[in-house]
Amino acid sequence: MQPVKKAMNGTFISFEGIDGAGKSTHIDRLAQSFRAQGRVVTLTREPGGTPLAEQLRQMVLNDPMDAMTEALLVFAARRDHIRQVIVPALARSEVVLCDRFTDATFAYQGAGRGFEWQTLLVLESWVQAHPDQPDRLVQPDLTLWFDLPASIAAQRLAGARVPDKFESQPQAFFEKVASGYAQRLAADPTRFARIHADQTPAAVWNDVEQAVRSKGFLPC
Ligand code: TMP
């Protein structure tokens, strides 16, 4: 299936990376840049973004469960999020900035927890079928992958707020998660921009802006 681009006039950007990679401040800053251009921005996240999906998020982040249950819950949350928030915002020509999307499922449930990649591909094709064009997938126009060595992320996370189920995983888990992101990038390199997150915040921001500009989403 092809990602939906022409059918939706908005701009859909997702932000990915292992826990501690430092996406948050850059998401807010990018929202400001788009607003300065007169664009309406929908800031959202996964799992979450709707009342139902936020309830599912609490379960996924806090309750023990097997990898398939986790995958089904995040995809259920995503289905609701796509239909209630993402597709309507794109149809209004807004910018949707989403803190994590489907690549996180492949990275965390697939590579991290060992759930079958092929089954995730099937779930992706079901859940992300566009409501108005079922043969096309709702997929970000650009995915910014904040790539940070797991050892550095672990240092950043140490002493931070009380860790959730994923944040408390050992470094080896995050090395597998990072390999999952690399696999997703290899499968769809034009959608991804790999941001080297082990730099000063100013240098990271520079790379983020550059990636967004090179797609033509912000003026040069
Ligand atoms: P965050 O919003 O603080 O980044 O936390 C979300 C957590 O949920 C993070 O550890 C990654 C995890 N996650 C999955 O395991 N699968 C998914 O599909 C998504 C979107 C997130």
Side-chain angles (χ1 to χ4, degrees), residues 3-51 53-54 57 61 77-78 80-104 107 128 138-148 152-153 155-157 160-161 164 166-167 178 181 184-185 188-220:
V4 174
K5 285 194 181 136
K6 301 270 183 308
M8 305 190 291
N9 299 320
T11 306
F12 182 14
I13 301 178
S14 64
F15 299 76
E16 297 284 359
I18 61 174
D19 291 87
K23 308 173 259 107
S24 308
T25 51
H26 300 291
I27 299 175
D28 291 340
R29 200 160 168 190
L30 192 58
Q32 286 170 23
S33 298
F34 276 113
R35 287 183 182 124
Q37 296 297 316
R39 301 286 303 271
V40 176
V41 178
T42 291
L43 270 179
T44 189
R45 67 173 180 181
E46 290 211 347
T50 70
E54 290 290 334
R57 176 188 176 92
L61 264 56
R78 182 162 302 130
D80 195 50
H81 189 209
I82 287 172
R83 300 219 156 201
Q84 304 291 335
V85 174
I86 296 175
V87 165
L90 293 173
R92 293 190 300 267
S93 301
E94 293 179 12
V95 177
V96 175
L97 301 183
C98 192
D99 188 349
R100 301 189 183 282
F101 195 63
T102 307
D103 300 304
Q128 290 167 234
V138 177
Q139 204 70 291
D141 301 302
L142 171 65
T143 296
L144 298 165
W145 171 29
F146 288 71
D147 186 18
L148 186 72
I152 297 176
Q155 288 166 22
R156 287 189 186 175
L157 282 177
R161 61 193 165 86
D164 64 34
F166 295 104
E167 289 164 343
Y181 281 125
R184 286 289 279 180
L185 177 150
D188 195 358
T190 56
R191 174 166 65 85
F192 272 86
R194 186 177 193 162
I195 306 291
H196 294 284
D198 184 16
Q199 307 182 77
T200 63
V204 172
W205 170 247
N206 192 50
D207 289 356
V208 168
E209 256 192 329
Q210 189 55 41
V212 176
R213 284 184 174 145
S214 70
K215 285 275 183 182
F217 298 147
L218 282 173
C220 291

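These numbers come from a predicted model, not from an experiment. We use all heavy atoms of the structure for the numbers below, so side chains are in, but hydrogens, waters and symmetry mates are not.
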Given His81 and Thr44, is the side chain to side chain contact (heavy atoms under 4.5 Å, CB included) satisfied, shown in steps? CA-CA 9 Å; His81 189 209; Thr44 189; 2.7 Å; yes
So which heavy atom on [X] is nearest to which on [Y], and how close?
X	Y	answer
Ala153	Ile18	CB-CD1, 3.5 Å
Ala211	Ser214	O-OG, 3.0 Å
Glu167	Leu157	O-CD1, 4.2 Å
Leu148	Gly20	CD2-O, 3.5 Å
Asp198	Arg156	CA-NH2, 4.5 Å

For the atom pair [atom1] ([X]) and [atom2] ([Y]), what is the distance rounded to the nearest 0.5 Å?
X	Y	atom1	atom2	answer
Gln32	Gln37	CD	CD	13.0 Å
Asp103	Asp188	CG	CG	8.0 Å
Phe12	Arg191	CZ	CZ	9.0 Å
Leu30	Phe15	CG	CZ	4.5 Å
Leu142	Lys215	CG	NZ	6.0 Å

Provide the full list of ring pair (Phe, Tyr, Trp, His ring centres under 6.0 Å) pairs with a residue in residues 201-220, sequence neighbours left out, each pair given once. none
Name all residues meeting the side chain to side chain contact (heavy atoms under 4.5 Å, CB included) criterion together with Gln84; count only those two or more places apart in sequence or in a different chain, and write none if there are none.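 Applying side chain to side chain contact (heavy atoms under 4.5 Å, CB included) to Gln84 gives Thr50, Asp80.
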Worked check of side chain to side chain contact (heavy atoms under 4.5 Å, CB included) between Val96 and Phe101: CA-CA 12 Å; Val96 175; Phe101 195 63; over 6 Å; no
Between Asn206 and Gln199, do the side chains contain an N or O donor and an N or O acceptor separated by less than 3.5 Å?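 No - no donor-acceptor pair under 3.5 Å links their side chains.
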Taking atom types as modelled, is there a side-chain donor on Gln128 or Thr102 under 3.5 Å from an acceptor on the other? yes
Applying side-chain hydrogen bond (donor to acceptor under 3.5 Å, both in side chains) as the test, list every pair that has at least one member in residues 10-27; sequence neighbours left out.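 Those involving residues 10-27 are Thr11-Arg39, Ser14-Thr143, Glu16-Tyr181, Asp19-Tyr108, Lys23-Asp99.
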Run the side chain to side chain contact (heavy atoms under 4.5 Å, CB included) test on Leu185 and Arg194 for me, step by step, so that the C-alpha distance in whole Å, both residues' side-chain angles and the decisive distance to 0.1 Å come before the verdict. CA-CA 8 Å; Leu185 177 150; Arg194 186 177 193 162; 4.0 Å; yes
Test Leu43 against Asp28 for side chain to side chain contact (heavy atoms under 4.5 Å, CB included), laying out the working first. CA-CA 8 Å; Leu43 270 179; Asp28 291 340; 4.0 Å; yes
pair Ile27-Leu144: side-chain heavy atoms closer than 4.5 Å: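 No, too far: nothing below the 4.5 Å cut-off.
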Report yes or no: does Arg100 contribute a side-chain atom to a donor-acceptor pair with the main-chain N or O of Gly17 at less than 3.5 Å? yes
